[in-house]
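Here's the structure we're looking at; comments come further down.
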Amino acid sequence: MNTAEIPETTARKQPSCLFMGCLAVMLIHATPLKANDHHAIQLKDVTTQTDVDFIHTDGSSGRRYIVETVASGLATFDFDGDGLIDILFLNGAPLPGATPPVQPRNALYRNEGHWKFTDVTTKAGLDDSRYHLGVCVGDYDNDGHLDIFLNNFGPNILYRNNGDSTFTDVTHETGLGTGQEVGAGACFLDADGDGDLDLFIAQYVGFGFDKHHISQMNGFPAYVGPLNYPPTTNAFYRNNGNGTFTDVSRESGIGLLKGAGMGVIACDLDNDRDTDIIVGNDLRPDFVLRNDGHGKFREEGTLLGLAYDAFGNVQGSMGVECADWNHDGWMDVYITPYQRQIPTLFQSQKGLFFEDVSRQTGAGKDAFADVKWGVGIIDFDNDTHRDLFIATGHLIDNVEQIDSSMRYAASNILLRNTGTGKFVNVSEQCGDGMQPVKSSRGAAFDDLDNDGDIDAVILNARSSPTLIRNDSGQGNHWLQIQLQGTTSNRDGIGARVTVRTGKLQQIDEIHSGRSYQSDFGKRLHFGLGNQTHIDEIKVEWIGGDVDTLHHIQANQLCVIKEGQGLTQGRSSDPKP
Amino acid sequence: MNFSGISNATENAATDFHGAIKKRMRLKTSNARFGSNIAIYLFFTGLWLCEVMCFSQITAQPPIALFNPETRSEESEATQLKAHAVAMAKSIATEYPENALIHILLGSAYFNTGQTDMAATHLRKCLALDNNILEAHEILTRIAYEKGNPEEAVRLCVEARNRGLSSPKLLNRLARAQMDLGQAEKSIQTLLEAIKVSHPLAESFYLLGQARMQARDYLEAKESFIQTTELIPDHTQAYFGLFTACQRLGQMEEAMEFRNTFVRLESIDRKDLNDRSSQTESLSGIAAVRETTARTLFGAGQIHQSQGAYTAAADLFYQSAALAKEDLKSRAALEAVHVQNKKLAEGATAFERLVTNQPENALNHFFLGRLKTRLGNSTQAESNYQKTLSLAPTWAAGHHALAELYMLTNQHLDQAEKLARRAVELEPNHARYYLLSAACIKNRHLQEALKAINQALTITPEDAKYRKLRNQLEKAMAQKRNP
């Protein structure tokens, strides 16, 4: 109750009511938001109204090939440059023994606005029917259009965006053709600061149909796990700047390591302005590939405390994300693992090492039992604090028969950042967007309706996806930033953006390839709380250039061009 | 083979078939409920079974085939073993429906086959019948924890403690759940309690280190991890803890040494894991399945025994021993049940079968030797004990048993003394010293005998038998000096 609204005569006549009102106001604002506060984040399942009719297949036939369990990721990006974020769903393909009625393929949906999407896959030239696992998006040829790399089971694909809403398969002419590996996550990054995007490709395990076998659990057939197949090396390709790539896996140091790669992300972990790579390995120590600034990497996962959880145990790592969750200017890392493992929030200690703070912060709350995949560290309610979205679902489709305490399909989990160093589970209070019970895999987060808050798209194994509209409202302010490199890569991938509002500094980076084998977030999003303008935006480009802008209005998309500043967006008057 | 887990009680019984059992068990005349209580005691402490429980004469039945010999893959064996354990527990439940132990047996069997909801139902029934059964609390706590409900796990642990039930395992689980809830200080208090028990688990020290890391008390954490490695020198995760603690303390050189040790141990663990093709999500790791099935069968045997069903009990103890090759409890129970029912020949036959199937198992030879001794077949017993020694040369009980046999038969007395001395070297407890003293007396080495009995009395000063022997020795020696 705002005391200023109380008529003066009323206030004089009823001082006790005024006092109680003030007391109530004080008590309300003194009480931190609890898990049952349904006003904070509201997410709505709008799948049925979107015309998205994609159904994922893992190509299974009952033979239980391990590759079935790890499909697939998705990407949200503006493929046609119309200002609306589109969606690319990856699909599996029939494996030996499977005879589907319709040949499955990937699906590209163009965003028509107002939550309507049109399937333009065939028109775009993306209706390939190979077995697709991971995706990353980046403008590898710096022509202003986002290209797509698909990391498959079998030969990978690089699609060049022709700029006319179509794509061309340029895999072989670019030198990226590979064999029969089981792919996983992938990411574009400018590892050597030469202005073009290099490519890191994670591989899962050394599976082949000739090596296939299954196991039995409690009398029921079950998939074997990654330890039943040999670990594999990842690959690293240097962009030659002329539309081709060279395999420099060994020279870079990356090809010397063997793991079971799943989710990956490239980011600056040590604030030295080059891009490092984190690889989540399934039941093997996670990798931190530290960049020396020239495209040579050294593995330092154990040294930095990121390879294992707090107890020194390997995790079945699936999704990998990073963000500065506590606003200390250093990127933290969040990894989603297998069942009966707590998702791990690794808090950076000024880049010297990382500390597992999952238990102290509640960042793994209620997420222990399920298998966890796609992940987002997103400020859903624009209150400046980044929340955690975890996509869940088992990989053993008959797991309930094997162990009645486990479940194949599960609801996803939303942990809200209270701003006090803790997360609380608000999954059941934030609307029907968190209600679908499916076996989820990839997750992507972008502002699909350009209303200033971040929505979500979830790819569900063997099922239709879930599209979630963010209806949080709350009146909090926001800012979105899109970058245009000139000497740096065109989309500013790897650039570090710092947004300062009053005493608060928030950082983020543009990534290509993240979470679980997925891609999203080419526009950075910052929740600003009650701040209506931004004091300073600093962009540190890969390569060394820095652009600084001051006094920018909130609640808009700003486009910042390297060396030129704000090319789209409004400044504000400086605060007195 | 490592028999270091043998309790003193077991060792006593190995040397004194009657006295030790009577002393430990405080026997009373049997009744079904007391038998049930004793079974509870034994079930959880693994001590010798009651010697004076009465059993009716029951015709011997052939043992149930454990698994189809045609399906030899480990997964198939695991599946069949688990099904057998559940079937066994169910059949006992049909026979004795209101016995709390039945429900814990069923609960364990269901839990081991992944039927967690059924397990929880039976465990709760068990506690409804008798809420002082620690193992029921332990398993329910584990179920809650693995379901991702640490709050419930904490509640169950606290409930058990409020009833006066506690074990290092339960305390460790409580501490782990508290840590998962970010309650580092509470976890530390819990673990400080866990390490105060007489034989603390290395895991308690390790978890204490972790709790202290969570509380950011890195110096104390380091100390706890060091204590862990003193108990288990190759505790991989403790070295990880030491690495991170030293890193936080800025002790970088030490941190790197610990890190290198951790990496080395971790790669050994990983190689072992790969070699066994086992996975963290697998529920059919065959060694674990055999052990848990053996435990279920052992528990079922104890229930039969408490109800007077000797033959069924013997059969189940046999099956348990056949599965768990290094398990002393099941073999001890198998011996005891035959002894108590005066079925020595049948007991010997059972162990002969075990020896045939597991010829390199020292425990089987050992217990066969004991039964042969009881049957008066000292030649065969000697052969069995010698085989025991050849298979397990550092196991004190083997030396002890053979020494005792020689003394009983008045043969090879010099050898008996050597064996008794070796037993003392390997495991210097009061029973060993007592036997050594007796062997020295047989060889007229009175001074040595006195020394040995004094050692025994140093350990257990109140033992009347030892005091009596000492008095006799002193008297004899005095008479010798002054005839």
Side-chain angles (χ1 to χ4, degrees), chain A residues 213-228 230-231 283-285 302-305 307-316 338-342 349 352-353 355-362 364-371 395-396 399-406 422, chain B residues 73-76 78-80 82-83 110 112-120 143 145-150 176 178-184 206-207 210 213-216 236-241 243-244 247-248 255-256 259 262-263 266 269-270 273-274 276-284:
Chain A
H213 59 282
I214 65 171
S215 76
Q216 205 182 50
M217 293 184 186
N218 288 331
F220 298 98
Y223 293 92
V224 296
L227 294 180
N228 281 270
L283 286 186
R284 295 178 191 276
T302 306
L303 199 61
L304 290 171
Y308 305 87
D309 70 358
F311 287 78
N313 296 316
V314 284
Q315 302 278 76
Y338 194 57
Q339 70 176 38
R340 294 184 182 156
Q341 298 174 346
I342 292 184
Q349 303 300 316
L352 296 174
F353 56 83
E355 184 182 356
D356 178 351
V357 296
S358 314
R359 290 166 181 84
Q360 300 92 309
T361 61
K365 183 104 179 81
D366 299 328
F368 178 77
D370 293 311
V371 182
L395 51 84
I396 300 176
V399 69
E400 287 95 343
Q401 290 179 317
I402 293 166
D403 187 330
S404 63
S405 67
M406 297 193 256
K422 300 279 187 200
Chain B
S73 72
E74 283 195 351
E75 285 88 1
S76 291
T79 303
Q80 291 181 57
K82 288 180 178 182
Y110 277 124
N112 293 330
T113 52
Q115 298 172 73
T116 340
D117 295 334
M118 289 295 291
I143 290 173
Y145 184 83
E146 289 183 356
K147 273 192 163 177
N149 195 343
R176 188 71 194 251
Q178 287 166 330
M179 264 192 272
D180 283 358
L181 292 168
Q183 298 168 357
Y206 168 70
L207 289 173
Q210 286 297 342
M213 288 293 292
Q214 195 178 94
R216 298 210 157 113
T236 311
Q237 274 69 33
Y239 285 99
F240 181 81
F243 155 59
T244 50
Q247 199 182 43
R248 305 288 191 270
M256 292 315 292
R259 173 189 170 264
F262 165 72
V263 168
E266 208 257 346
D269 293 345
R270 179 161 302 283
L273 205 62
N274 285 343
R276 286 184 286 120
S277 293
S278 55
Q279 311 157 42
T280 55
E281 73 270 27
S282 170
L283 302 173
S284 63

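Quick note on labels: first sequence line is chain A, next is B, and so on, each numbered from 1.
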Checklist entry - So, Gln247(B) side chain and Leu303(A) main chain: donor-acceptor pair closer than 3.5 Å or not? => result yes

Output for pair (Gln360(A) CD, Asp180(B) CG), nearest 0.5 Å, gives 10.5 Å

In terms of heavy-atom contacts, Phe311(A) and Tyr206(B) come closest through O-OH, 2.6 Å

Okay, Lys422(A) and chain B: the region with an atom under 4.5 Å from a heavy atom over there is neither

Here the pair of heavy atoms bringing Arg216(B) nearest to Val357(A) is NH2-CG1, 4.3 Å

For Gly148(B) and Ala369(A), the nearest pair of non-hydrogen atoms, with its separation, is N-CB, 4.3 Å

Rounded to the nearest 0.5 Å, the CZ atom of Phe240(B) sits from the OG1 atom of Thr302(A) at a distance of 7.5 Å

Bottom line for Phe262(B): the part with an atom under 4.5 Å from chain A's heavy atoms is side chain

From the list Glu355(A), Gln401(A), Gln349(A), Glu400(A), the residue making the most non-hydrogen contacts under 4.5 Å with chain B is Glu355(A)

Looking only at Arg248(B), Met256(B), Gln115(B), Lys147(B), most heavy-atom pairs under 4.5 Å shared with chain A are made by Arg248(B)

Across all chains, not counting sequence neighbours, the ring pair (Phe, Tyr, Trp, His ring centres under 6.0 Å) partners of Tyr145(B) are Phe368(A)

So, the part of Gln210(B) with a heavy atom under 4.5 Å from chain A: the answer is side chain

Contacts of Arg176(B) meeting salt bridge (charged side-chain N to carboxylate O under 4.0 Å, His left out) (sequence neighbours excluded), chain-then-number -> none

The reported gap from OH in Tyr308(A) to OG1 in Thr236(B) (rounded to nearest 0.5 angstrom) is 10.0 Å

Distance col, row Met179(B):CE vs Ile342(A):CD1, nearest 0.5 angstrom, shows 10.5 Å

With chain A, the option among Gly182(B), Ala238(B), Gly241(B), Ala255(B) that has the most non-hydrogen atom pairs under 4.5 Å is Gly182(B)

Under 4.5 Å to a heavy atom of chain A? For Glu266(B) that would be side chain

- Asp117(B) backbone acceptor or donor facing Ser404(A) side chain under 3.5 Å: yes

Nearest heavy-atom approach of Arg270(B) to Leu283(A) is NH1-O, 2.9 Å

Honestly, the part of Ile143(B) sitting under 4.5 Å from a heavy atom of chain A is neither

